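Have a look at the structure below before the remarks.
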Amino acid sequence: MDFKAAIARLLEAQGIADVTLEVPPDSKLGDYAFPCFPLAKERKMAPQAIAQELAAKIATDPAADFLERVAATGPYVNFFIKQTALVAAAFEEPEYQPNGKRVVIEHSSPNIAKPFGIGHLRSTVIGGALKRVYEYAGWEVVGINHLGDWGTQFGKLIAAYKRWPTDITEDPIKKLLELYVRFHAEAEKDPTLDDAGREEFRKLEAGDPENVALWKQFRELSLQEFDRIYARLHVSFESTAGEAFYNDKMIPVLDELKAKGLTEEDEGALIVRLEDMGIQTPAIVLKSDGATIYATRDLAAAIYRKKEYNFDRMLYEVGSEQTLHFRQLFAMLKKMGHEWAEDCQHIAHGLYRFDTGKMSTRKGQVIFIEDVLQQAVERSLKTIDQKNPDLLEKEMVAEQVGIGAVIFFDLRSDRLKDIVFDWDEMLDFEGETGPYVQYTHARLCSILRKSGLEPKANPELLMTPEEIALARQLLAFPDTIEQVIKNDKPHILARHLLDLSQLVNSFYQKHRIIQDDKDLERARLALIEKTAARIELGLSLLGIMAPQEM
RNA sequence: GGACCUGUAGCUCAGCUUGGAUAGAGCAUUAGCCUUCUAAGCUAAGGGUCGAGGGUUCAAAUCCCUCCAGGUCCGCCA
């Protein structure tokens, strides 16, 4: 039962259309509260008088059988829910039916031949979490890894490889990174290198056999490494069509832009002016050397995806530094007459920084994601050896907990904020962390195992403040899911799970579950079982495993 | 110079979408809690001009304006 909705209906019956309810800060006041200030303003009456009048009317409404009582407390109407009704409702599991809508989520999108750095963690796990939450809520989801497998950078890489031949069969990504860094270092002194890079890319785009072969080799070696990481992060994609996939799809788009009179030539490049859309910077769709640019590919990609998937929404989980690019992209689509540009959204995130400044691949300042994962799993294993040395399958649990810590760290705060990278914070297992939530789950599982009794929900027996608070949090889950989807912010779910864990830990601390009163034990086991299942579900939506023991 | 994002406790962050009762957590500090269900836990204390100033409102961390600080971007990288 959704009490908020039920109370809203009761208030609406009194002629109040726009209802917002609050959970009072002090539970002694009641379970939900309706502030009468807006109504007082509208009706030009004292809010206290309105509260008294409403409370009296609702108290006699037979539809309010879930209410214990209604009271006017100053300018608020307070609704006291029957505690048995509240707890009973907490045991209901939300059910989502397929809603017939389809969302395309582009995320992760690392660059081929570059290391998978900590910067790509954000897009990978935020997109992954959104994907699972949408799926859970009944959407059909298409996850796309828009690989950066095309562009001038490959010209530079090929130029570097030809200039300084290197054996890249061993540890390919690190070797390729060294070439990339060396290229940029030497290009500082010798600007002709950049021209050479552009020339190699032009040849690649023209189908030069040698360059194409090199490109294929770089791509293949990179993908093998990426797949290893995706497996550990529990992320998968419906499509890995990268930028190269759209090579043969850009000419028609360019033709369409020209035919609609949207392009003009400027300093040798082909551009689209967007001042009329409120964007001062024009978008370049063809460079002065005749080569394409990412804006062209993203245009072709968007149009292709609409045709292929006919999405209701398309999300681009990409760093906030590309905000202007996406504004330009959506504006161009709109100008081309594609109304569905409204359905496209840039889901921006802040970046990982050092406290000294931005990380730069070009300067070789990179935190490799595999190093982070390895450190986390090592520390996790060390903790297990300390706290639970007899645990079976230590390595597997250490993997689940270590990876869980890293993913949760990334997902627990608002994606718009920058994160200053700090090993100690990322590898912390205490407080508001993934391992804390996992630990709570493992502890609940342990109680269920130890008792061995069959749980039996009995709201009449679950009346302590800790049980009521826990029930209320369980009840808030569908709201949380709705908020995550509305804002495309998985941290709302991460926070919900932290709150749930804190509440159940307080309950655990204060009340015995296994005890002589077997009816009470079975009732409390049911609450524990429900909470454990909810934590497992929530963590799985974030891409985190919930081990039974740790 | 322009655009967008961020600014809340010593540190890291929730809360702002939808204004409302005493602004919440975690870390760190201090004092407690393991002969009983996993102490990766729990309880309590101290710690706040919610960046600054104006405005709207009965009521502002929340909405509007100006300013300040940090970050990002501002045509041929993505």
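We use all heavy atoms of the structure for the numbers below, so side chains are in, but hydrogens, waters and symmetry mates are not. Being a predicted model, the structure only gives us computed values, none of them experimental. Each chain gets a letter, A, B and so on, in the order the sequences are listed, and its residues count up from 1.
Residue-level contact check: Ser288(A) touches the bases, meaning some heavy atom is under 4.0 Å from a base atom. Residue-level contact check: Gln548(A) touches the bases, meaning some heavy atom is under 4.0 Å from a base atom. Contacts of Val318(A) with the nucleic acid, taken as non-hydrogen atoms under 4.0 Å apart, are absent. Using a 4.0 Å heavy-atom distance criterion, Gln438(A) is classed as making no nucleic acid contact. No engagement by Ala291(A) is indicated, since no non-hydrogen atom pair under 4.0 Å with the nucleic acid exists.
Put simply, CD1 on Ile347(A) is 18 Å from P on C4(B), counting in whole angstrom units. Separating the CE atom of Met426(A) from the P atom of C27(B) is a distance of 18 Å, rounded to the nearest angstrom. Taking atom CZ of residue Arg353(A) and atom P of nucleotide U12(B), one finds them 10 Å apart after rounding to whole Å. At whole-Å resolution of the value, CD1 in Ile535(A) and P in G41(B) are 13 Å apart. As a whole-Å value, the separation of Asp422(A) CG from C27(B) P is 16 Å. If you take CD1 of Ile112(A) and C1' of C77(B), they are 16 Å apart, rounded to a whole angstrom. Across the protein-nucleic acid pair, Leu39(A) atom CG and G20(B) atom P stand 17 Å apart, rounded to whole Å. Glu425(A) has its CD atom 20 Å from the P atom of A25(B), to the nearest Å.
Nucleotides of RNA chain B nearest to Leu416(A) and Glu549(A) differ in position, and the one nearer the 5' end is that of Leu416(A). Of the two residues near RNA chain B, Ala33(A) and Glu267(A), the one whose nearest nucleotide lies more 5' is Ala33(A).
A side-chain donor-acceptor contact under 3.5 Å links Arg415(A) to the backbone of Asp488(A).
Taking every side-chain heavy atom of Glu321(A) into account, U72(B) is the closest of U72(B), C74(B), C5(B). The nucleotide whose nearest atom lies closest to any side-chain atom of Asn505(A) is, among C42(B), A78(B), C77(B), C42(B). Looking at the side chain of Tyr76(A), the nearest of the listed nucleotides A78(B), A21(B), U12(B) is A21(B).
In this structure, Phe421(A) CZ and Phe409(A) CZ are separated by 8.0 Å, a value rounded to the nearest 0.5 Å. The distance from atom CG of Asn247(A) to atom CH2 of Trp150(A), rounded to the nearest 0.5 Å, is 4.5 Å.
The C1' atoms of G15(B) and A23(B) are separated by 8 Å, rounded to the nearest whole Å. Taking atom P on both nucleotides, C65(B) is separated from U18(B) by 15 Å, rounded to a whole Å. Taking the P atoms as reference points, U8(B) lies 25 Å from A45(B), given to the whole Å. When the P atom is compared between U22(B) and C64(B), the two are found 25 Å apart, to the nearest whole Å. For the C1' atoms, the distance linking G53(B) with C73(B) amounts to 29 Å, nearest Å. With P as the reference atom, U62(B) and G51(B) are 8 Å apart, rounded to whole Å. Taking atom P in both U29(B) and C67(B), one finds a spacing of 43 Å when rounded to whole Å. A14(B) sits 12 Å from A61(B) when the C1' atoms are compared, rounded to a whole Å.
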Measure all distances between protein nitrogen or oxygen atoms and nitrogen or oxygen atoms of nucleotides 13-17 of chain B, and list the pairs falling under 3.5 Å.
from   : atom 1 : to        : atom 2 : distance (Å)
C13(B) : O2'    : Arg495(A) : NH2    : 2.7
A14(B) : OP1    : Asp414(A) : N      : 2.5
A14(B) : OP2    : Lys417(A) : NZ     : 2.5
G15(B) : OP1    : His491(A) : NE2    : 3.2
U17(B) : O2     : Asn487(A) : OD1    : 3.1
U17(B) : N3     : Gln483(A) : OE1    : 3.3
U17(B) : O4     : Gln483(A) : OE1    : 3.4

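Salt-bridge check for Glu432(A) with Arg495(A): passed, with a basic side-chain N closer than 4.0 Å to an acidic carboxylate O. The pair Asp276(A)-Lys335(A) meets the salt-bridge criterion, since a charged nitrogen lies less than 4.0 angstrom from a carboxylate oxygen. We find that Arg198(A) and Asp195(A) are joined by a salt bridge, their nearest charged nitrogen and carboxylate oxygen being less than 4.0 Å apart. Salt bridge annotation for Lys486(A)-Glu482(A): absent, with no cationic side-chain nitrogen under 4.0 angstrom from a carboxylate oxygen. Ion pair Arg202(A)/Glu199(A) flagged as a salt bridge, since at least one NZ, NE, NH1 or NH2 atom sits closer than 4.0 Å to an Asp/Glu carboxylate oxygen.
No side-chain N or O of Thr433(A) forms a donor-acceptor pair with one of Asp428(A) less than 3.5 Å apart. With no hydrogens or angles considered, no side-chain donor-acceptor pair links Tyr316(A) and Asp298(A) at under 3.5 Å.
Residues of residues 377-389 of chain A having a heavy atom closer than 4.0 Å to RNA chain B, listed by number: Thr383(A), Ile384(A), Lys387(A).
Here C42(B) is in the anti range [glycosidic angle more than 90° from 0].
When the side-chain nitrogen and oxygen atoms of Ser320(A) are compared with OP1 and OP2 of C4(B), none of them lie within a distance under 4.0 Å. The phosphate of A21(B) (OP1 or OP2) has no side-chain N or O of Tyr32(A) nearer than 4.0 angstrom.
The heavy-atom pair separating Thr281(A) from Leu324(A) by the smallest distance is OG1-CD2, 4.1 Å. Of all heavy-atom pairs between Lys489(A) and Leu130(A), the closest is N-CD2, 4.1 Å. Between Ser108(A) and Ser123(A) the shortest heavy-atom distance is N-OG, 2.7 Å. The shortest heavy-atom contact between Gln548(A) and Cys445(A) is O-CB, 3.6 Å.
Residues Thr263(A) and Leu286(A) form no side-chain contact, since every pair of their non-hydrogen atoms from C-beta on lies 4.5 Å or further apart. Residues Lys510(A) and Thr464(A) are not in side-chain contact: their nearest non-hydrogen atoms beyond the backbone lie 4.5 Å or more apart. Side-chain contact between Thr292(A) and Tyr246(A) is absent, with no heavy atoms from C-beta onward closer than 4.5 Å.
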*asked:* Generate the contact string for nucleotides 29-37 of chain B. Rules: B means base contact, S means sugar-phosphate contact only, - means no protein heavy atom under 4.0 Å.
replied: -------BB
*Starting at the 5' end of nucleotides 55-64 of chain B, put B wherever the base has a protein heavy atom under 4.0 Å, S where only the sugar-phosphate does, and a dash everywhere else.*
---B------
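By the 30° and 60° cut-offs, the orientation of the rings of Phe116(A) relative to His120(A) is tilted.
For a distance-only test at 3.5 Å, the side chain of Tyr294(A) qualifies as a donor-acceptor partner of the base of A78(B).
The ring-ring contact (aromatic ring centres under 6.0 Å, His included) pairs that include a residue from residues 494-528 of chain A are Phe477(A)-His496(A), Phe507(A)-His511(A), where partners are two or more places apart or lie in different chains.
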*So what is the 5' to 3' dot-bracket string for RNA chain B, if pairs are Watson-Crick or G-U wobble with both distances under 3.5 Å, crossing pairs use [ ] and | means the partner sits on another strand?*
(((((((..((((......[...)))).(((((.......))))).....(((((..]....))))))))))))....
